[in-house]
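Structure first, then comments.
Quick note: numbers below take in every heavy atom, side chains included, and nothing from hydrogens, waters or symmetry partners. A quick note: this is a predicted structure, and the numbers were derived from the prediction, not measured.
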Amino acid sequence: ITERKEIEEELARSEGEYRLLFDLNPQPMWMVDRESFQVLAVNEAALAQYGYSKDEFLSLRLFDIAHPDHHAEILRGYAYASPVAVHPGVQTHVKKNQSTIKVEIIARDTKFEGKSVRLMQGQDVTRRLQAEEALRENLKLFQAFVESSLEPSLMIDERGIILAASQPGIALLGSMREDLVGQNVLRFIPSEQLPILEKSYDTLLREPLRPRIAMVRMRLLDGSSAWVEAVCSMLRVDDRIGGYIVGLKKLEVGVMNPA
């Protein structure tokens with residue numbers, strides 16, 4: 001009897017600690033009965049995100065929060081239990097004032113007060129998605145600008161992948177557009193030239209509004225190499241780095257064959 005009592009006390013302490021972590025979690029969280037979809041518990045972060053009082057939120061079912069477009073998807077997701085965390089993805093949720101937000105969901109099944117529940121965490125990613133969409137639209141404009149440029153130029157992403165190239169830029173590198181776009185720009189840079197680029201890149205990160213100029217030797221597709229003046233400008237949209245535009249100028253006096 002004493003051993004059983006100790007076990008029960010330990011379980012009670014564990015549940016209390018678990019509930020405290022739930023209540024004080026800065027991420028919006030709530031628990032839903034797996035059978036009735038009734039909300040059984042909610043933390044303060046979720047109340048702030050959705051605009052409900054605690055009593056109001058506890059009177060809701062999951063379908064009152066999720067937009068009708070996701071109801072069928074939710075029912076499919078509840079067809080099986082998941083003891084490990086799952087990421088159903090981004091859903092549209094409805095706040096108390098009937099405005100909608102995009103919420104990234106993480107969920108897993110557990111036990112709460114003797115019931116099978118789904119513990120859910122829902123982070124509002126509306127602004128992040130809007131910023132990403134704005135970035136994509138702006139990158140399309142930059143891409144069109146580079147492709148129509150009369151000067152040798154490239155547009156690359158943060159990984160160095162070439163996204164667009166002007167016709168003079170394609171000619172400078174002795175390539176075809178279909179062979180150039182999608183390649184990493186480092187393919188055209190001999191390894192001994194990399195420290196020059198790294199130094200310019202570090203300076204560009206510190207002073208993003210100031211284009212960086214570097215003299216680098218580039219490897220051309222015909223096997224020769226040429227010294228090129230590269231002017232790199234950072235593309236930024238709402239403080240997000242979208243890539244870089246690199247203007248190229250071939251320095252004829254520096255043309256040489258690789259050693």
Side-chain angles (χ1 to χ4, degrees), residues 7-138 158 236-242:
I7 293 174
E8 291 174 349
E9 290 176 350
E10 179 61 29
L11 287 174
R13 282 195 298 270
S14 298
E15 290 177 1
E17 292 172 358
Y18 184 80
R19 183 58 188 260
L20 185 62
L21 290 173
F22 172 83
D23 289 337
L24 299 181
N25 197 301
Q27 293 294 334
M29 301 180 74
W30 57 95
M31 293 184 192
V32 177
D33 188 300
R34 279 188 49 81
E35 295 183 0
S36 67
F37 300 100
Q38 182 69 40
V39 176
L40 300 178
V42 59
N43 70 0
E44 290 295 329
L47 298 178
Q49 177 167 285
Y50 289 90
Y52 288 101
S53 69
K54 186 171 185 178
D55 287 341
E56 289 171 334
F57 207 107
L58 292 177
S59 71
L60 301 175
R61 297 172 72 236
L62 181 57
F63 299 117
D64 297 319
I65 305 168
H67 191 276
D69 289 349
H70 296 286
H71 288 184
E73 170 192 336
I74 290 170
L75 286 172
R76 288 194 298 271
Y78 273 74
Y80 58 91
S82 178
V84 297
V86 294
H87 301 256
V90 176
Q91 299 176 353
T92 302
H93 281 195
V94 183
K95 299 170 65 173
K96 180 180 178 179
N97 64 8
Q98 298 304 301
S99 64
T100 59
I101 55 175
K102 296 294 185 179
V103 179
E104 190 169 52
I105 297 293
I106 300 175
R108 76 177 183 88
D109 294 328
T110 185
K111 290 286 187 179
F112 175 70
E113 296 181 350
K115 296 182 179 180
S116 296
V117 303
R118 180 155 291 187
L119 174 62
M120 306 185 69
Q121 175 182 309
Q123 182 179 8
D124 184 353
V125 294
T126 307
R127 290 185 179 179
R128 189 192 80 191
L129 295 179
Q130 290 172 343
E132 290 174 354
E133 179 60 27
L135 182 61
R136 283 192 292 269
E137 292 302 316
N138 278 278
E158 290 186 87
R236 296 178 69 91
V237 180
D238 294 333
D239 294 327
R240 297 173 66 89
I241 299 176

Donor-acceptor under 3.5 Å ([X] side chain, [Y] main chain):
X: Asp33; Y: Gln38; value: no
X: Asn43; Y: Met29; value: yes
X: Arg118; Y: Ala107; value: no
X: His67; Y: Val94; value: no

Write out all pairs satisfying salt bridge (charged side-chain N to carboxylate O under 4.0 Å, His left out) with one or both partners inside residues 90-103, taking only residues at least two apart or from two chains. Glu56-Lys96
Pairwise salt bridge (charged side-chain N to carboxylate O under 4.0 Å, His left out) hits with a residue in residues 64-81, at least two apart: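 For residues 64-81: none.
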Listed partners of Phe37 passing ring-ring contact (aromatic ring centres under 6.0 Å, His included), at least two apart: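 ring-ring contact (aromatic ring centres under 6.0 Å, His included) check on Phe37 returns Phe63, Tyr78.
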Close side-chain approach of Ile101 to Gln91, heavy-atom, < 4.5 Å: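 No, side chains not in contact.
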With a 4.0 Å cut-off, would you call Glu44 and Lys54 a salt bridge?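 Answer for the salt bridge query: no.
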Gap between atom CD of Gln121 and atom CD1 of Ile106 - 0.5 Å precision: 4.5 Å
Between the side chains of Asp55 and Ser53, is a donor N or O closer than 3.5 angstrom to an acceptor N or O?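 Checked: Asp55/Ser53 side chains show no N/O donor-acceptor pair below 3.5 Å.
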Centroid separation under 6.0 Å, is that true for the rings of Phe22 and Trp30? no
